[in-house]
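Presented below is the structure to which this report refers.
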4 protein chains.
Amino acid sequence: MARPRSEDRRSAIMSAAIRIIASQGLGAPTATIAKEAGVSNGSLFTYFDTKADLFNHLYVELKAEMAAVAMDRLPVESDIRQQMARMWSQWLLWATSSPEKRRALAQLVVSDDITPESHQAGKQAMAGIVKLLERSRENGPMRDVPLSFVAALMSALADTTIDFMIQDPANADQHCAAAFDALWRMVA
Amino acid sequence: MARPRSEDRRSAIMSAAIRIIASQGLGAPTATIAKEAGVSNGSLFTYFDTKADLFNHLYVELKAEMAAVAMDRLPVESDIRQQMARMWSQWLLWATSSPEKRRALAQLVVSDDITPESHQAGKQAMAGIVKLLERSRENGPMRDVPLSFVAALMSALADTTIDFMIQDPANADQHCAAAFDALWRMVA
Amino acid sequence: MARPRSEDRRSAIMSAAIRIIASQGLGAPTATIAKEAGVSNGSLFTYFDTKADLFNHLYVELKAEMAAVAMDRLPVESDIRQQMARMWSQWLLWATSSPEKRRALAQLVVSDDITPESHQAGKQAMAGIVKLLERSRENGPMRDVPLSFVAALMSALADTTIDFMIQDPANADQHCAAAFDALWRMVA
Amino acid sequence: MARPRSEDRRSAIMSAAIRIIASQGLGAPTATIAKEAGVSNGSLFTYFDTKADLFNHLYVELKAEMAAVAMDRLPVESDIRQQMARMWSQWLLWATSSPEKRRALAQLVVSDDITPESHQAGKQAMAGIVKLLERSRENGPMRDVPLSFVAALMSALADTTIDFMIQDPANADQHCAAAFDALWRMVA
DNA sequence: GATGAATGAGTATTCATTCAT
DNA sequence: AATGAATGAATACTCATTCAT
C-alpha cells in the first residue's frame, strides 16, 4: 500500500470525514468533507479512489481503534471475568467519550458501501475481544453456540448500552455495569 | 362521483416499496417504486405527500405488523416463560419468513426520514411485548434496570439472532432457541 | 493552480440567456440556456447560484448597458433640449438595434424573480438620465410632480415607442422624433 | 359560442382566476383557481379548453369592462377636453378601486398565452376611448402621428399613473390630474 | 355534467468524479 | 501533487389535462 503522498493530508481527510459523517450522515458531499479537512475536493480523490473507498478505510480504522482501546493494558494476571469487565468498560468508555467516532461507525456498519472485505477486516480487529469471549463462555451455557453468533450478540448488547449511556450520561456507569452483568449471565 | 382513492393502489405502493427498499435501499427512486407498484410516477404522490411520508407510514405499519404477529394467540394460560418463548419465536419467525419486510424495516429504523412521532408509534406497537418482558424480569436480576433499556437489549438480541437465522437457515431453530435461553438468563 | 473561473464562460451564459429569454421567455429551462452557451448543465450553476440569480444579474447588467449607451458622449456643451434629444435617440436606438436584449429586459422587469435590490440597482443606473430629466422639467409644468413619477412616465413612453419602432422600422425615426416632441411638451 | 352549462360556474371561475392571478401570478395552478371558485379541477376544463383559453377570455373581459367603465355616462354635451378628463378619471378610478382586476390584467397583457386575436379584441374594446383621443388630437401636434401609436402612448401613461396612485393613495387625485394635464399637453 | 384520481412529461439543482492548469 | 472548475447523470415533485365513476 506504499505510503502515499502526505500522511497528514490523508488523516486530515479521515478526521474530517468522521466529524462530517457524525453530523450530516453518509450522504454528506465529499466536497464538504474536503473543505472540513482543509483540502480541495479534487485532492480527496488522490487519497481515496472513491467516496466508498474512503468509507471503507474509515470503517476498518475505527473498528480497529475501538478494538485496540478495548484490549489496551488488559490485566492478564487477573481472572477472566475481570479481564472481560475491563475490556467491556474500556470499549464502552471509548465509544461514549468519542461520540463522533461512534456515530460515524454506527452509520458505516449499516452502509451498503462497506464491502465484505472490510467487514471481514472489522471482524479481524475484534479477534482479541472474541478470544476473550471464547474463554469466558468456555464452560458456560453457550459453549456450543457458534462463537461468531455469541460475539454478535455481545456487540449488539454493547451498541445498545452505548446508546443509553450517551442518552443518559448521569447513569452511564450503572448502565455499563448492568449490561456487563447481563452479558456475563448470558455467556458464563 | 369520481374514481375513489383505492386502498388497493395504496397497499400496492407499500408492498412495492418494501420490495424495492429491500433490494435497493432507501435511496431508490420513487419512480422505481411506482413502476414496481404498477402505478404512475405522480400517483405515488396522491397517496403519500412525500417520499419521507411513505417511509414513515411504512415504518409504522411494519413495526405494527411485527408486533401483532409476535403477540398473536399468546398462550395466556401458560406460565410467563412459555408466553415469552412463544412471543419470541413468533417474532423471529415473522422476520425470517418475511425477509424483505425485515430488511426494509432494518433500513427504515436508522433513517433520518423517520420522525420522532413515527418512532413513538413504533414503540407503542411494541407495548404488549414490553409488558411481557416486564413481567418476565419482575423478580429477576434486571428488575431495577430501566425497562426501556432492557427492552432495547432484547430488541438488539432479536435483531442479531434474526440475522443469523437468515444467514444460516439450516440451524435457524437452534439459533432462535439459544438466543431465547440467553435472553431468559439475562432477565429472569 | 486550477482552471480559473472564466469571464468568457460567464458572459457566454449571459448572452445565451438573453437569446433564449427573448425567444422562449423566462420559463426556458436552464439546460437550454447552458446548451446555447456551450457549457454543461452544471456549469451554469458554478457561475450563478440559481436561475433567479442569473436573472437578477442579467437585469442589472442590461439596465446598466442601456443607461450607459443612452448617456454616452452626451453633448454637454449643447442646451438641455439637445442633450435630452440625444439621450432619447441613443436610448431608443440601443433598444431597437438590440431587440433580443430589449425583449429579455422587458420580461425581466415584470418578473417576480427580480429582487428589490436589483430593482434599486436598476434605478441607480438610470440616475444620469433622471438627472437630465430633472433639469429639463426645471421650469416646466411638471416641476412640482414627484420626479420619480415623471421618470416613470418617460420610461413608459420610451418603451411604447420602442415597440412601435421595432414593429414599423420604416418609420422608426419619425416615431422616435414624434415621441420625443411629445415628451418635451409634457415636461418642458 | 352557445351559452354553456351554468353561467354561474363559469363566472365563478373567472372571478377566482382574477383573485388568484393577482396574488400568485399566471403560474398559479389551475387546481388552485378551481378550488377558489368552489369547483373541481376537472370542471374548470369543461368551461375552458385550456388554461390559456381561460386567460384569453379573462383578458378580453377585463379589457372590455375597463373600457366600458371609462366611457360610462360620458358628458357628451361637454367639450372634448372635459369628456377626455372624465374618461381618464373613470379609467384610473376603476383600476385603483379594483386592484385585483388591474393586477391580473397587467400580468395578462404581457403573457405569451394571449393570442393576437385576443389582443385585437382588446383593442376593439378600446375603440371608443381611441375615438375620443382622435378628436382630442384633431388639431394638435400629434395629428399626423399614427393614431394607434398615440393610443399606445396614452395607455402607457395611464398604466404608469395607476401604479403611482396605488402606491401613494394619499396623492392619488393629484397624480391622476397631473398625468391628464401631461397627456393633454402631449396631444392637444 | 361533475368529480377528483390518474397520468407522465417536465426541470432546477446536486454531487461524485474527471481533468485542465 | 494540488487545485477547483467542468461535467452530466440522477431525482423528487408539480401540474395541465384526461378519464373512470
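Protein chains get the first letters and strands the later ones, always in sequence-line order, with residue 1 at the start of each.
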- prompt: If you check every side-chain atom of Val39(A), which of dT13(E), dT3(F), dA16(F) has the closest atom?
  reply: dT3(F)
- request: Could you check whether Ala28(A) gets within reach of a base, just the sugar-phosphate, or nothing at all, counting any heavy atom under 4.0 Å?
  value: sugar-phosphate
task: Using atom CG of Leu54(C) as one end and atom P of dT13(E) as the other, report the distance to the nearest whole Å.
output: 10 Å
- line: Among the nucleotides dT17(F), dA2(F), dT17(E), whichever has the atom closest to the side chain of Thr50(D) is dT17(F)
message: How many whole angstroms separate atom CG of Asp113(C) from atom P of dA12(E)?
response: 11 Å
message: Contact between Ile21(C) and Arg103(C) at the side-chain level, heavy atoms closer than 4.5 Å - yes or no?
response: no
query: Rounded to whole angstrom units, what separation is found between the CG atom of Asp53(D) and the P atom of dT18(F)?
result: 12 Å
message: Taking 4.0 Å as the cut-off, does a side-chain nitrogen or oxygen of Arg9(C) come that near to OP1 or OP2 on dT7(F)?
response: yes
task: Verify whether one side chain among Thr115(A) and Ser118(A) offers a donor that lies under 3.5 Å from an acceptor in the other.
output: yes
- prompt: Could you state the CZ-P distance from Phe45(A) to dA5(F), rounded to the nearest angstrom?
  reply: 16 Å
- prompt: Per the side-chain contact (heavy atoms from CB on, under 4.5 Å) rule, which among Asp112(A), Val60(A), Asp113(A) passes with Phe55(A)?
  reply: Asp113(A)
Side chain of Ser40(A) - closest among dT13(E), dT3(F), dT11(E): dT3(F)
- request: Compare the minimum distances between each of dT13(E), dT11(E), dA16(F) and the side chain of Pro29(D), then state the nucleotide with the smallest one.
  value: dA16(F)
- prompt: Which of these nucleotides, dG8(F), dT17(E), dA2(E), is closest to any side-chain atom of Asn41(A)?
  reply: dT17(E)
- prompt: Is there a Watson-Crick or G-U wobble partner for dT18(F) with both distances under 3.5 Å, and which nucleotide is it?
  reply: dA5(E)
task: Provide, to the nearest angstrom, the distance between the NZ atom belonging to Lys35(B) and the C1' atom belonging to dT11(F).
output: 14 Å
message: Check this one for me: any side-chain N or O of Arg5(B) less than 4.0 Å away from OP1 or OP2 of dG4(E)?
response: no
- prompt: If each of Gly42(B) and Ser43(D) is mapped to the nucleotide of DNA chain E with the nearest heavy atom, which maps nearer the 5' terminus, i.e. the 5' end?
  reply: Ser43(D)
- request: Could you check how far CZ of Arg10(C) sits from C1' of dA6(F), rounded to whole Å?
  value: 17 Å
message: I need the full list of ring-ring contact (aromatic ring centres under 6.0 Å, His included) pairs touching residues 100-125 of chain A, with sequence neighbours left out, sorted by first then second residue.
response: Tyr59(A)-His119(A)
task: Would you kindly compare Lys51(B) and Gly38(C) by the position of their nearest DNA chain F nucleotide and give the one closer to the 5′ end?
output: Gly38(C)
task: Check for a donor-acceptor pair, side chain of Arg10(B) on one end and backbone N or O of Phe48(B) on the other, with a separation under 3.5 Å.
output: no
message: As an exercise, state the distance from CD of Glu65(B) to CG of Leu105(B), rounded to the nearest 0.5 Å.
response: 10.0 Å
message: Checking contacts here: which listed nucleotide (dT18(E), dA12(F), dC15(E)) is nearest the side-chain heavy atoms of Thr30(B)?
response: dA12(F)
task: For Phe48(C) and dA6(F), give me the distance from atom CZ to atom P, rounded to whole Å.
output: 12 Å
task: Tell me what Tyr47(B) touches on the nucleic acid: a base, only sugar-phosphate, or nothing, going by heavy atoms under 4.0 Å.
output: sugar-phosphate
message: Expressed as a whole number of angstroms, how long is the span from Leu44(A):CG to dT17(E):C1'?
response: 11 Å
